[in-house]
There are 4 protein chains.
Amino acid sequence: MLNRVILVGRLTKDPELRYTPSGVAVANFTLAVNRTFTNQQGEREADFINCVIWRKPAENVANFLKKGSLAGVDGRIQTRSYDNNQGQRVYVTEVMAESVQFLEPKNANAGGGQQYQSQGGNNFGGPSGDRGYGQQQNQNQKRSNFNDDPFANDGTPIDISDDDLPF
Amino acid sequence: MLNRVILVGRLTKDPELRYTPSGVAVANFTLAVNRTFTNQQGEREADFINCVIWRKPAENVANFLKKGSLAGVDGRIQTRSYDNNQGQRVYVTEVMAESVQFLEPKNANAGGGQQYQSQGGNNFGGPSGDRGYGQQQNQNQKRSNFNDDPFANDGTPIDISDDDLPF
Amino acid sequence: MLNRVILVGRLTKDPELRYTPSGVAVANFTLAVNRTFTNQQGEREADFINCVIWRKPAENVANFLKKGSLAGVDGRIQTRSYDNNQGQRVYVTEVMAESVQFLEPKNANAGGGQQYQSQGGNNFGGPSGDRGYGQQQNQNQKRSNFNDDPFANDGTPIDISDDDLPF
Amino acid sequence: MLNRVILVGRLTKDPELRYTPSGVAVANFTLAVNRTFTNQQGEREADFINCVIWRKPAENVANFLKKGSLAGVDGRIQTRSYDNNQGQRVYVTEVMAESVQFLEPKNANAGGGQQYQSQGGNNFGGPSGDRGYGQQQNQNQKRSNFNDDPFANDGTPIDISDDDLPF
DNA sequence: TTTT
DNA sequence: TTTT
């Protein structure tokens with residue numbers, strides 16, 4: 001049935017890139033989308049919308065977007081639930097991005113000559129062999145916060161598995 | 001900024017119609033939207049997406065849709081948060097519907113000759129005087145579950161106020 | 001860049017199914033989408049939107065939709081131009097459907113037991129071997145208007161080629 | 001019925017601003033939207049999509065966008081037809097923008113201190129009195145091509161009337 | 001827990 | 001807490 005979401009907004013933080021046990025990339029990020037109308041106090045509020053993206057585009061997102069980047073998302077709303085550590089069922093509504101568009105001007109924050117090749121597109125190309133590389137690149141280029149490492153054990157289970165794959 | 005959602009799915013329950021203290025109608029409903037792909041077990045899952053609609057279209061929704069009805073929604077994703085009774089902050093992502101389309105065939109469940117005039121449209125016409133009527137009609141026609149009554153006190157605060165008005 | 005269209009409307013005629021020289025299916029159809037507002041004469045007008053769909057979903061469309069069917073489309077706007085027989089350049093704007101949803105109730109116009117299996121989905125599966133079959137089925141099941149035959153020569157060149165393939 | 005279009009692309013030319021006889025502003029512009037996929041020659045093509053916008057947002061578009069500007073559009077597909085001067089019926093498919101988002105960075109091409117107030121929004125505020133002003137401003141700020149003047153007579157009838165108003 |  |  002029809003389920004389509006289009007967003008343009010800014011990342012509230014750097015994206016988080018992880019890998020499933022079988023090596024498939026997933027990135028999470030939140031878009032702040034400013035409302036086009038003001039509230040009764042005359043302020044312009046924003047919606048903070050959680051997005052997920054899989055495979056190669058996930059690595060593109062991790063490599064080319066960061067806190068504050070302007071981005072467009074074309075995707076679907078997905079819902080899921082899990083039990084938290086207090087034994088309560090938690091319901092989650094998020095956007096499964098099918099493609100992400102990088103709207104930052106090319107020279108935006110570039111310190112060097114890396115090309116801001118845009119458009120994750122729909123090319124969910126196989127992740128075989130990309131894994132170490134994508135991750136490597138990411139850590140080198142923009143990551144310093146070490147506990148983003150999906151394999152670091154911070155006590156909370158990594159809530160992704162290949163079952164979450166959208167195909 | 002761009003924030004657009006389009007859904008077609010079926011109501012999981014009858015819509016819930018309420019009124020703010022100042023008499024503005026709000027309806028809540030959940031759409032089950034079947035995915036177009038199957039999971040790794042070969043099953044077709046669904047997403048359960050909470051929707052809100054205000055004013056006159058809210059009353060139309062309450063009057064013309066019920067559990068199982070096929071409906072289309074054009075709207076925006078909105079996020080908000082509140083503190084639950086355990087003092088935890090709860091984050092909510094839902095769809096603010098701007099218009100709802102009734103996709104049920106005209107004779108679907110009609111017991112009589114009432115016209116299934118469709119399309120809430122964008123006419124957020126003033127609710128003046130509609131209130132008693134809309135509510136009345138609704139209770140008579142399809143409501144029996146009494147504690148949907150927005151003025152009945154079931155102990156939990158009614159989490160709507162005129163501040164939630166989208167304009 | 002972002003380019004997304006979602007429509008719900010009714011087919012103005014039976015879809016037209018054709019095949020490229022290399023055997024890829026294409027279907028054309030027009031959706032009448034009623035406006036949600038009325039014009040200054042108080043009439044509700046409609047927009048008539050030309051849609052194209054390729055490969056397997058094209059055959060589904062030809063097999064399961066006909067004049068008057070209610071359908072949803074998720075796709076992109078595409079533009080192209082060609083020179084007509086008066087040597088004038090003609091500009092065309094149409095919707096490249098990526099998926100089509102069948103919104104007709106199951107028993108809508110069924111004369112028999114054929115299942116109205118819905119949802120073209122995104123499965124642009126290879127057309128190998130489907131060709132004769134899909135076409136056959138279509139002519140048998142619902143086609144009688146002979147000059148829909150893509151290979152009949154009515155003097156106007158068939159304006160499709162494998163170059164139109166969206167991938 | 002559902003009819004929703006979202007686009008992000010660049011203006012192919014400066015927008016054209018006109019006024020109906022009764023003084024309502026209309027702007028026309030074309031968005032070039034690059035495809036996310038390449039054709040069989042490996043080239044990335046674009047779609048050129050004609051857009052219309054009415055009233056106050058039309059004046060904002062004329063004042064803040066120009067050839068090359070990156071913009072987002074949220075609107076509907078509309079179709080209409082007219083008879084050209086060879087007596088042929090011409091069918092037109094275009095996007096009726098309901099809101100336009102300015103995606104150019106603030107300092108993009110600013111020569112001075114004018115504020116790039118963004119977002120036409122949905123405020124179809126009355127045009128009373130805006131007319132001379134809006135037009136004035138536009139001609140002064142960015143227009144030099146005189147025959148964009150909607151009242152200049154270049155022989156072709158001005159194809160707008162208040163009947164085209166979407167409400 | 002939020003972006004410009 | 002989920003619809004056909």
Side-chain angles (χ1 to χ4, degrees), chain A residues 1-3 7-16 28-36 43-51 65-73 79-81 83 88-93 103-105 108-109 145 148, chain B residues 1-3 7-16 28-36 43-51 65-73 79-81 83 88-93 103-105 108-109 145 148, chain C residues 101-108 115-119, chain D residues 101-108 115-119:
Chain A
M1 300 176 115
L2 287 176
N3 180 341
L7 304 172
V8 172
R10 292 187 180 278
L11 292 243
T12 61
K13 301 187 297 195
D14 288 0
E16 286 182 25
N28 290 274
F29 58 98
T30 300
L31 277 190
V33 182
N34 296 121
R35 297 186 181 167
T36 59
E43 310 148 339
R44 185 173 307 276
E45 296 178 71
D47 296 290
F48 299 97
I49 302 169
N50 297 319
C51 301
L65 295 181
K66 59 179 209 291
K67 180 175 176 174
S69 301
L70 188 66
V73 161
T79 59
R80 58 186 173 87
S81 64
D83 295 308
Q88 302 165 300
R89 190 141 215 92
V90 179
Y91 294 91
V92 178
T93 298
L103 293 169
E104 221 51 54
N109 40 12
N145 44 343
D148 273 356
Chain B
M1 299 177 116
L2 286 175
N3 180 341
L7 305 171
V8 171
R10 293 187 180 278
L11 292 243
T12 61
K13 301 188 297 194
D14 288 0
E16 286 182 24
N28 291 274
F29 59 98
T30 299
L31 276 189
V33 182
N34 295 122
R35 295 185 182 169
T36 58
E43 310 149 339
R44 187 173 306 275
E45 297 177 69
D47 296 290
F48 298 97
I49 303 169
N50 297 319
C51 300
L65 295 180
K66 59 180 210 291
K67 181 175 176 175
S69 302
L70 188 68
V73 161
T79 58
R80 59 187 171 84
S81 63
D83 295 309
Q88 301 166 299
R89 190 140 216 92
V90 180
Y91 295 91
V92 178
T93 299
L103 293 169
E104 221 51 52
N109 41 11
N145 44 344
D148 274 356
Chain C
Q101 187 189 9
F102 306 152
L103 294 169
E104 221 51 52
K106 283 256 175 10
N107 48 344
Q115 80 261 45
Y116 270 56
Q117 177 250 41
S118 153
Q119 232 338 325
Chain D
Q101 187 189 10
F102 306 151
L103 293 169
E104 220 52 50
K106 285 259 178 4
N107 48 344
Q115 80 260 45
Y116 270 56
Q117 178 250 39
S118 155
Q119 228 343 321

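All values derive from a computational prediction rather than experimental measurement. Just so we're on the same page: letters track the sequence lines, and every chain starts at 1.
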> What integer distance in Å separates B:Leu11:CG from F:dT2:P?
Replying inline: 16 Å
> Roughly how many Å is it from CG in B:Leu2 to C1' in E:dT4, rounded to a whole number?
Replying inline: 16 Å
>> By nearest atom, which of the nucleotides F:dT2, F:dT3, E:dT3 is closest to the B:Asn34 side chain?
In response: F:dT3
> Are the side chain of B:Asp14 and the backbone of B:Lys67 linked by a donor-acceptor contact shorter than 3.5 Å?
Replying inline: yes
> So A:Leu31 and A:Thr12, side chain to side chain contact (heavy atoms under 4.5 Å, CB included) or not? Walk me through it.
Replying inline: CA-CA 6 Å; A:Leu31 277 190; A:Thr12 61; over 6 Å; no
> Short question: side chain of A:Asn3, backbone of B:Leu7 - any donor-acceptor pair under 3.5 Å?
Replying inline: no
>> What is the separation between atom CZ on A:Arg44 and atom P on E:dT4, rounded to the nearest whole Å?
In response: 16 Å
> B:Lys67 has a side chain; which of E:dT2, F:dT2, F:dT3 sits nearest to it?
Replying inline: F:dT3
>> Nearest to the side chain of A:Asn50, heavy atoms from C-beta on, is which of F:dT1, E:dT3, E:dT2?
In response: E:dT2
> Between F:dT2 atom P and B:Ile49 atom CD1, what is the distance in whole Å?
Replying inline: 16 Å
>> Heavy atoms only, 4.0 Å cut-off, all strands: where does B:Gly68 land among base, sugar-phosphate and nothing?
In response: sugar-phosphate
> Choosing from E:dT3, F:dT3, E:dT1, which nucleotide comes nearest the side chain of B:Arg89?
Replying inline: E:dT1
> Counting side-chain heavy atoms from C-beta on, which of E:dT2, F:dT4, E:dT4 comes nearest to A:Arg10?
Replying inline: E:dT4
>> When you measure from the side chain of B:Arg44 to the backbone of B:Arg35, do you find a donor-acceptor pair of N or O atoms at a distance under 3.5 Å?
In response: yes
> Rounded to whole angstroms, how far apart are CG on B:Leu65 and P on F:dT2?
Replying inline: 21 Å
> What integer distance in Å separates B:Glu16:CD from F:dT2:C1'?
Replying inline: 13 Å
> Does B:Ala71 offer a backbone N or O that forms a donor-acceptor pair with the side chain of B:Arg10 under 3.5 Å?
Replying inline: no
> Rounding to a whole Å, what distance do you find between B:Lys13:NZ and F:dT2:P?
Replying inline: 10 Å
> Atom CZ of B:Arg80 to atom C1' of E:dT1: distance rounded to whole Å?
Replying inline: 18 Å
